[in-house]
There are 2 protein chains.
Amino acid sequence: MVQKISFEEARERLMKRNLKATPQRVVIYEALVNMNNHPTAEMIYEHIHSNNPSISLATVYKTLDTFVDSKLADKVLSDHGVTRYDGYTDTHNHLYCTNTEELIDYEDEELVKMLEQYFESKRISNFKIHDIRLQVLGEKIDVRQQVELSK
Amino acid sequence: MVQKISFEEARERLMKRNLKATPQRVVIYEALVNMNNHPTAEMIYEHIHSNNPSISLATVYKTLDTFVDSKLADKVLSDHGVTRYDGYTDTHNHLYCTNTEELIDYEDEELVKMLEQYFESKRISNFKIHDIRLQVLGEKIDVRQQVELSK
DNA sequence: GTTAGTGCAAACGTTTTGCACGCTA
DNA sequence: TAGCGTGCAAAACGTTTGCACTAAC
């Protein structure tokens, strides 16, 4: 599960990956993790802008690229032509709500293992697997709708 | 498996979906299906341009949108900021080669069923599933490389 | 001090738009 | 012939770039 992190914790994680802990990076990483909604670069920029008016959007983009290279973040489902980032890099999958464009972490070790085992047993010829990504597309049903449906 | 289609077959499929069978649409649809490499709009435009110089790129985009709406095509993995289209709409998954950017159809009924059953049994609360998409990221290993590796 | 990171503005590539015209059913 | 589809050029959008400046180690 994702936990909110402090400025200090963000700083430490950057240094652990041998990244210079510039204030910009720390702020951007902290935002990415704490927003916890798979934000776009623009969303992160907006989020930090009032407290950090001098951090440019270009820096947000460059920094997110750096994080992806350093395995501090992943790019995730980019339907709609916008790249979204995930600061939670443990192997997991996503539910994507086609109504709200919400991306919901779907953590299920059983599923991850099932897929790994499946492809191990299949031994696809001529293809070396690096990563298995699964997205479940659908729609979030809120409680009121559920009550409505069960009538 | 994907089979090459004729102009006539393309025409018929459009009409079956209640789409006006304009020459542009027929040509674009025929190209999408017969190219069979999950092309971008631009790739389709290039492919048809010499024989159909008057069909504009904007029309290719609009037409592909129409196909997606009418379930004649799917948008698929759009890493790298370019949308790719798939004219083969039967449920299947993809292998994505991170070296060549090739998208390879991975047809495996067993896998599709396994996933369907898995999520049926899980009954994720508050979420109505429309579609389960799986991409396997990795790299194609060509025969020479394989020989190299097995030495 | 050296190297890597930042901010700016301009450029880029992809996709969408508005509108006049053309063609399909 | 009514209404949808098309072509064009321009605009919009997300993202990247080059470069001079700055700051972290």
Side-chain angles (χ1 to χ4, degrees), chain A residues 7-8 10-29 31-32 38-49 51-70 72-73 75-85 101, chain B residues 7-8 10-29 31-32 38-49 51-70 72-73 75-85 101:
Chain A
F7 191 90
E8 252 328 300
R11 210 185 139 76
E12 276 165 29
R13 292 205 199 165
L14 290 169
M15 301 187 77
K16 210 172 285 173
R17 303 282 177 158
N18 298 314
L19 296 178
K20 280 192 189 170
T22 66
Q24 292 91 335
R25 286 180 173 175
V26 180
V27 165
I28 292 167
Y29 181 69
L32 170 64
H38 312 82
T40 65
E42 182 81 40
M43 282 159 76
I44 293 174
Y45 175 77
E46 293 298 340
H47 187 260
I48 65 179
H49 189 66
N51 291 324
N52 306 271
S54 70
I55 298 183
S56 73
L57 182 55
T59 296
V60 175
Y61 275 105
K62 286 175 190 163
T63 302
L64 288 169
D65 273 358
T66 307
F67 292 169
V68 172
D69 289 346
S70 308
L72 273 174
K75 290 190 180 193
V76 288
L77 179 79
S78 66
D79 242 38
H80 267 88
V82 220
T83 304
R84 295 176 66 164
Y85 295 87
E101 289 179 28
Chain B
F7 191 90
E8 251 328 300
R11 209 184 140 76
E12 275 165 29
R13 291 205 201 164
L14 290 170
M15 299 186 78
K16 212 174 281 174
R17 303 281 178 159
N18 298 314
L19 295 179
K20 279 191 191 174
T22 66
Q24 292 90 335
R25 285 180 175 176
V26 179
V27 165
I28 293 167
Y29 181 69
L32 169 65
H38 312 83
T40 64
E42 182 81 40
M43 284 159 76
I44 293 174
Y45 175 77
E46 294 299 340
H47 187 260
I48 65 178
H49 189 67
N51 290 323
N52 305 271
S54 70
I55 298 183
S56 73
L57 182 55
T59 295
V60 175
Y61 275 105
K62 285 174 191 165
T63 302
L64 288 169
D65 272 357
T66 308
F67 292 168
V68 172
D69 289 346
S70 308
L72 274 173
K75 290 189 180 191
V76 288
L77 178 79
S78 67
D79 243 36
H80 268 88
V82 221
T83 304
R84 295 177 66 167
Y85 295 88
E101 291 180 27

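Letters A, B, ... mirror the listed sequences (proteins, then strands); counts begin at 1.
Taking every heavy atom of residues 58-68 of chain A and every atom of DNA chain C, pairs under 4.0 Å involve Ala58(A), Thr59(A), Lys62(A), Thr63(A), by number. Near DNA chain C, meaning a heavy atom under 4.0 Å from it, residues 10-22 of chain B has Lys20(B), Ala21(B) in order of number.
Here the C1' atom of nucleotide dG5(D) and the CG atom of Asp69(B) are 14 Å apart, to the nearest Å. Between Lys75(B) atom NZ and dT14(C) atom P there is a gap of 15 Å when expressed in whole angstrom units. Straight-line distance from the NE2 atom of His49(B) to the C1' atom of dC8(D): 14 Å, rounded to whole Å. As rounded to whole Å, 16 Å separates atom P of dC12(C) from atom CD of Glu42(B). Distance CD (Gln24(A)) to C1' (dC21(D)): 13 Å, rounded to an integer number of Å. Look at CG on Leu57(A): it is 14 Å from P on dT6(C), rounded to the nearest Å. In this structure, Met43(B) atom CE and dG13(C) atom P are separated by 17 Å, rounded to whole Å. In this structure, Asn52(B) places its CG atom 12 Å from P of dT6(D), rounding to the nearest Å.
Scanning for side chain to side chain contact (heavy atoms under 4.5 Å, CB included) contacts around Tyr45(A) gives Glu42(A), His49(A), Leu57(A), Val60(A), with sequence neighbours left out. Evaluation of the side chain to side chain contact (heavy atoms under 4.5 Å, CB included) rule for Asp69(A) yields no partner, not counting sequence neighbours. In this view, Glu12(A) satisfies the side chain to side chain donor-acceptor pair (under 3.5 Å) rule with no residue, not counting sequence neighbours. Tyr29(A) pairs by the side chain to side chain donor-acceptor pair (under 3.5 Å) definition with Arg13(A), not counting sequence neighbours. Ala73(B) meets the side chain to side chain contact (heavy atoms under 4.5 Å, CB included) test with Leu32(B), Phe67(B), Val68(B); sequence neighbours excluded.
The two atoms that bring His38(A) and Arg84(A) nearest to each other are O-NE, 2.8 Å, heavy atoms only.
Between the OG1 atom of Thr40(B) and the CE atom of Met43(B) there is a distance of 5.0 Å, given to the nearest 0.5 Å. Between the CD1 atom in Ile28(A) and the CG atom in Leu72(A) there is a gap of 12.5 Å [rounded to 0.5 Å].
In this model, the phosphate group of dT6(D) is not approached by any side-chain N or O of Ser54(B) to a distance below 4.0 Å at OP1 or OP2.
Nucleic acid contact class of Pro23(A) (heavy atoms, under 4.0 Å, all strands): sugar-phosphate only. Residue contacts for Thr40(B): at a heavy-atom cut-off of 4.0 Å it reaches no nucleic acid atom on any strand shown.
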Write down the protein N/O and nucleotide N/O pairs, taken from nucleotides 10-12 of chain D, whose separation is under 3.5 Å; answer none if there are no such pairs.
none

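Pairs of residues two or more places apart, or lying in two chains, that qualify as side chain to side chain donor-acceptor pair (under 3.5 Å) and include a residue from residues 57-67 of chain B are Ser56(B)-Thr59(B).
Between its two ends, the helix from dG1(C)-dC25(D) to dA25(C)-dT1(D) turns its axis by 50°, counting five pairs per end and rounding to 10 degrees.
Between Lys75(B) and Tyr85(B), the closest side-chain pair of non-hydrogen atoms falls below 4.5 Å.
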Counting only pairs under 3.5 Å, give me each side-chain donor-acceptor contact of residues 16-25 of chain A, with atom names and distances, residues two or more places apart or in other chains.
from, atom 1, to, atom 2, distance (Å)
Arg17(A), NH1, Ser70(A), O, 3.3
Thr22(A), OG1, Arg25(A), N, 3.2
Arg25(A), NH1, Lys20(A), O, 3.2

